Every structure is written in C-alpha cells, then in structure tokens.
Amino acid sequence: MSISTGSIAKLLTEPTSGERTRQRVNLVMRVLVGIAAFLAILPLVALIVFVVLKAAPYLVPSFFANNPLDTEPGILNAIVGSLQLSGLTVLISGPIGIAGGVFLSEFASPRVVAIGETAIDVMLGVPSIVAGVFAYLILVPVLGFSGWAAVAALSILTLPIMMRSTQEVLRLVPQAIREASLALGVPVWKTALFVSVRTALPGILTGVILAFSRALGETAPLLMTARGTNAENWLDFSTTMNAMPIVIYQYSNAASDLLIGQAWATALVLMTIALTINVLVRGRTVNSRTA
Amino acid sequence: MESGERNAHTSPAGAMDELAQATARPTAQKAARAASSDNDAGRLTLDNVSARYGAFRAVKDVTLAVRPKSVTALIGPSGCGKSTLIRTINRMHETLPGATVSGSITLDGVDLYSSNVDPVRARRVVGMVFQKPNPFPTMSISENVSSGLRLTGGTSKSEIEGIVEDSLRRAALWDEVKEKLNQPGTSLSGGQQQRLCIARTIAVKPRVVLMDEPCSALDPVATLKIEELIRDLAAEYTIVIVTHNMQQASRVSDETAFFSMDDDRAGYLVETGPTAEMFTNPKQALTEGYIQGRFG
Ligand SMILES: Nc1ncnc2c1ncn2[C@@H]1O[C@H](COP(=O)(O)OP(=O)(O)OP(=O)(O)O)[C@@H](O)[C@H]1O
Ligand SMILES: [Mg+2]
C-alpha cells in the first residue's frame, strides 16, 4: 500500500471525528478548570479589595506615628510590639531550631532521626490556641501577662517549623559534597558546619524569615499572654505588650467607627508585611536556585 | 624551580609523620619513620580485606600489595566491589550506616584501621577523587583548592596562597583559571572541575591518591588531560584508580588488579600483575575473557 503526497497532507490537516470530539472535550475542560481557578482566587481577591477599601480612609500618618491614647490615635505600639515579639521569638527559637535540624540531618542515627521527625510532626500539629493555653496556665502565673510568656508560646509554634525547614534544606545538599569534605580529612562536625550548613545557608535563612512571618500573624497565644496595652513598650518583655493581631481582634469588637476602621487598617498593615516577606523569600529562593 | 616546589610541598612534618604520631605502637612508629625517610614512601598493603553493607559482603578477602609511587588500576565487572574496596582504603566506607570493614590495610607499616589511627588523619594521608566532579558549590576556585587546608587548620594564609597555585599547576589547571580564581568552582567545565578536585585533593599533601572512575563523566579530550596528569602525579604519589575503560587502564597504570564476583555477589580479587602482562598474557581465563570482551 503506497501513500501519496496528497494523502499525507490530508492525514496532517483533516481532523477525524475522534479528534473533533477530543478538541471539544479539551475546550470544555479548559473552561471548567478556568472557572474552578477563578472560584478559588475569588475569595482572596475579595478579601484584599475589601480590606484595602475599608482600610484606606484610616491610613493617615498619625495611624503609624501615634499610640492608641494619643489625641489622634494610632497603632505604633502594636507595630513595634509585633516586630519585637516575633523578632525575639525568632532569635530564641531560631538557633535552637536550626541546631536541632542540623543535628537530625548531619549527626543523628536513623533511629534518632525517626523519633525526632515524629516529634516535629507532633509539634507542627499543635494548634496555636494550645500553645496559648499552655503559656496562660503555666507561664503567666509565674511571669505575669508579659512579652516573655508570649515569646515562649510563639516559640513553641516556630521551633518545629525551623527544625523542619533546616532539616529539609540540608537534605538537598548532595551527599557527594559531604564526602568530598570528609575525604579531605575534615572532621565530621566541621564538614557539617562549614560545608553542609554553609551550602544550605540561604535556605535555612529563608526558613527563619518564614517563621518570623508566621509568628507575626499568630493571635490566640498573644491574647492569652502579651494581652495588649495602650503604652509603647520598647524591649521590656516582663510586662504586657501590644501587637497587631491583638489590635485587630479588640478593635473589631469595638463600638466606634474609628476603631473598627483602624482594625481594617491594621489588618492591611499586617497583610502587607507578611506578603512582602513572602515575595522577598520567593525571590531569594528563585535567585539561589538559578545562581 | 621544580625541586624547590617539591620541597615546599613535602614539608618535614608530613602527613605520614602525623599519622605515625597518632600511633602509639612503637614498632609501627619506627616502621613509618623508616619508610617516610626513604623514597619508597606510600606502600599500601591490603591483607584479607572484606567489606560489608550490613550483612551483605560486597568485598571478600582481598589481599593486594600496591607499589609506592606507581599507578594501580582496579578493573572488573560492574558491581564487583571496586568502589567499595577503594573506599575502605581511606576509611570512607565506614561512614555509611551499617558498613563495616575487616582485615587490615597498612600504609608504610601503619595499620590504618588500628585503634590509634583517627579516621580523619587517615583520610588526610589517603586522598580521594570521586567519579563525578564535586567542587564545593559555595566556594570559589581558589577556596575550593584551599578548602582542605583551611578546614583542617594549621596552615598560614601566606602558605595557603602558594599551595593553591602549586596545586593548580600540578593539576594542569593553573593556566586556565589563573585569571578567575575568585569565580565559583562550579562555573568551570566538567573536565576542569575534575582537575579542580584533583588540585583540592593534592593540596592537603596526601601520600596516596584514590580515584574512582575519575574520567567517566568527561569527554575524550578532558580524559586524556587527566590521564597525563595521573602519570605525572605518579612520580610523587601512590595512585589507585578504578576504571571501566581498558584502554585507560593500559595507558595509565603500572599494575592492574582484576576483580570478579562469586555466586553470592561478593567481589574478590582474581589476579594482579604488571599491566602489560595482564593485558597480553593473563594467567586466568576469567581475566582474559573480560579484557578481550572489553577491548572487543
Ligand atoms: N550503600 C550501599 N548499600 C548497600 N549495598 C551497596 C551500597 N553500595 C554498593 N552496594 C553493593 O555493593 C556491591 C559492590 O558495589 P560497588 O559500588 O563497590 O561496585 P563497583 O565494582 O564499583 O561497580 P561499578 O563498576 O558499577 O561502579 C554491589 O552489589 C552493590 O549493590
Ligand atoms: Mg563503582
């Protein structure tokens, strides 16, 4: 059976009935998937539009520059408090979490790794309200409502995040790199520190930043520990502190249009910070991947 | 200039003495000192070496004498334990979970597995080049070369600079990288990266250099460059190289050891001898079959 040129052209260009059905199914599927994607994004878009519209009138300079009891009230003390609480949380839980992740990835025996990973999974599953209750019932009686109690509660939440992310990025370091170092007569601990951790450092720092952003948004543990205050508190973790999530929670129940508006505005600030961090982190990872 | 460089490289407090100092046994110390003072330093003796992964024995009772300052090629079918065996010589095998070694491996009379020898010291004396080039991705070309010295300490900054250049020259890479020593090691081509890894290995002044299929990821031109380099290095180092390429074995090696696998997949040494003899006139039919098949 010979095939003429004409029939090849026909073969290439003339659709069969099966193909026509396929093309139609394709089209339908694309439309359906498109609708699904739109429905998924819709709430997010609605949320952002809503927050921005509601917040916009209240985003005046005094909102950022003043404290709640000033004549033109603002949320400076909450911004300051949030950054301090999240910052100290990361400063405390960061080194411990990173050390734990390095230990599991570089030093622990397979048995210990299995136990450690289970422990991390359990800790990751702790709802933030539970961390808050723990701090409220155990720490607050001793420390009082305070920044320290809040940092303790937040650290319970960020510690496993940091251990897990450190362990995961170290897992991406090729074994060949470690072997190269060991084969040069470099001791195991130096190989772990100056080769494995050094190679994974951008990823480890990304984990720290994400933990910071997670701590920023936590609300329940803060309500039960730092409690909120109208005063501006710089670095005194032994007493109450204000924080953006506390402001949002308290103001949105208030009977004043100004406070409700400021709750929206605070939400926008918090969202913007978290979003900026996430975008920056994405940029970092993309950069370090292409580098 | 050549001899000056060499003296700088083989400092009196050499790695072999270091290893010997770590050994309390007086006889071994004496043997090591005697050996390192003579030109015959770097004699490797494997005696009844077996290597296991858990219960599985991958290498069975290998007894092999490696001549100092020569190239010994390990050849044999895939899976017969060549990589495993070579990794027992620098005590890398035991770094894998469940991996164990029995028998003895002595270097100039010092048992590398004696309880007095720190595996870290053993690895400094016995260097290794891997199958795939593995430069440290966060380090520049010159940092890669000096990495072993910097991470093990005890070498001054001014010394390091000289050693970096010297090692890159020995690895026949200097002319290609001298203008860009601060660029990442991973920016080099595969063949250059492998020479960088060789430079990195010889920068810590080992006595023995192990190479596990060092050219298998490289093109023919880069391969020839590295083979030339291996021949040059053999003037100073004892070299053990694993290769699947029979032409390569015949080009670079002085001695060849042929390995095979028995029924329970344990690798064993079939025979060993001068390379020319092994390729023209092997004693065992098994060797002849493998070599002929490979030359095909
Ligand atoms: N990490 C490991 N764990 C368990 N078994 C292993 C491991 N590495 C190698 N083996 C086994 O040990 C045996 C020898 O492997 P080895 O890599 O030493 O062979 P080889 O001679 O180097 O092979 P090739 O020529 O393919 O590189 C094989 O049966 C292999 O399956
Ligand atoms: Mg191999």
Side-chain angles (χ1 to χ4, degrees), chain A residues 98 101-117 165-208 284-291, chain B residues 15 18-19 83 86-87 89-98 118-139 143-154 184-187 193 196-197 200-206 208-212 217:
Chain A
I98 292 172
V102 170
F103 170 74
L104 285 184
S105 161
E106 306 295 309
F107 296 100
S109 68
R111 239 177 66 93
V112 175
V113 172
I115 295 171
E117 286 187 336
S165 70
T166 302
Q167 196 197 0
E168 304 236 291
V169 291
L170 280 170
R171 197 173 285 160
L172 296 180
V173 174
Q175 198 57 27
I177 304 288
R178 290 188 184 91
E179 293 209 323
S181 174
L182 290 178
L184 287 170
V186 178
V188 173
W189 73 268
K190 279 190 177 176
T191 299
L193 232 53
F194 299 114
V195 175
S196 307
V197 172
R198 175 66 196 83
T199 306
L201 199 56
I204 293 176
L205 293 180
T206 299
V208 172
R284 279 175 64 99
T285 22
V286 171
N287 280 345
S288 64
R289 248 185 240 138
T290 48
Chain B
E18 260 173 61
L19 187 66
S83 298
I86 207 173
R87 287 165 57 92
I89 301 174
N90 65 342
R91 299 196 60 171
M92 283 298 287
H93 179 68
E94 69 205 51
T95 62
L96 297 171
D118 184 344
V120 169
R121 290 273 184 99
R123 288 179 205 133
R124 222 174 296 173
V125 177
V126 183
M128 179 157 193
V129 176
F130 295 81
Q131 178 169 1
K132 270 210 215 123
N134 52 1
F136 298 121
T138 56
M139 297 186 196
E143 284 169 344
N144 258 288
V145 179
S146 61
S147 54
L149 294 170
R150 285 183 294 113
L151 290 175
T152 53
T186 44
S187 68
Q193 283 187 21
L196 180 64
C197 292
R200 178 176 71 184
T201 301
I202 61 184
V204 294
K205 299 164 184 161
V208 178
V209 177
L210 311 172
M211 300 182 164
D212 191 355

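This is a predicted model, so every value here is computed, not measured. Each chain gets a letter, A, B and so on, in the order its sequence line appears, and its residues count up from 1.
The parts of A:S181 that come within reach of chain B are both its backbone and its side chain, each placing non-hydrogen atoms under 4.5 angstrom from that chain. Contacts of A:Q175 with chain B are absent, with no heavy-atom separation under 4.5 Å from either backbone or side chain. Interface remark: B:R87 contributes side-chain atoms only to the contact with chain A (heavy atom separation under 4.5 Å). If you measure heavy-atom distances from B:V126 to chain A, the contacts under 4.5 Å come from the backbone alone. Proximity to chain A (any heavy atom under 4.5 Å) is restricted, for B:P135, to the backbone atoms N, CA, C and O. If you measure heavy-atom distances from B:T95 to chain A, the contacts under 4.5 Å come from the side chain alone. Contact of A:V195 with chain B is made through the side chain alone, with heavy-atom distances under 4.5 Å.
The two residues A:P187 and B:V120 come nearest to each other via the heavy atoms CA-CG2, 4.0 Å. Shown here for A:E179 and B:F130, the closest heavy-atom pair between the two residues is OE1-CE2, 3.5 Å. Residues A:A183 and B:N90 approach most closely at CB-ND2, 4.1 Å, considering heavy atoms. Considering every non-hydrogen atom in both B:R200 and A:A180, the closest pair reads NH2-CB, 3.3 Å.
Heavy atoms of other residues, nucleotides or ligands lying less than 6.0 angstrom from NZ of B:K132 number 12 at most.
Using a 4.5 Å cut-off on side-chain heavy atoms (C-beta onward), A:L184 and B:R123 make no contact.
One distance of note links CG of B:L151 with OG1 of A:T191; it measures 7.0 Å at 0.5 Å rounding.
For the options A:V173, A:I177, A:L193, heavy-atom pairs under 4.5 Å to chain B are most numerous at A:I177.
Proximity of a side-chain donor or acceptor of B:N134 to a complementary backbone N or O of A:A176 within less than 3.5 Å is detected.
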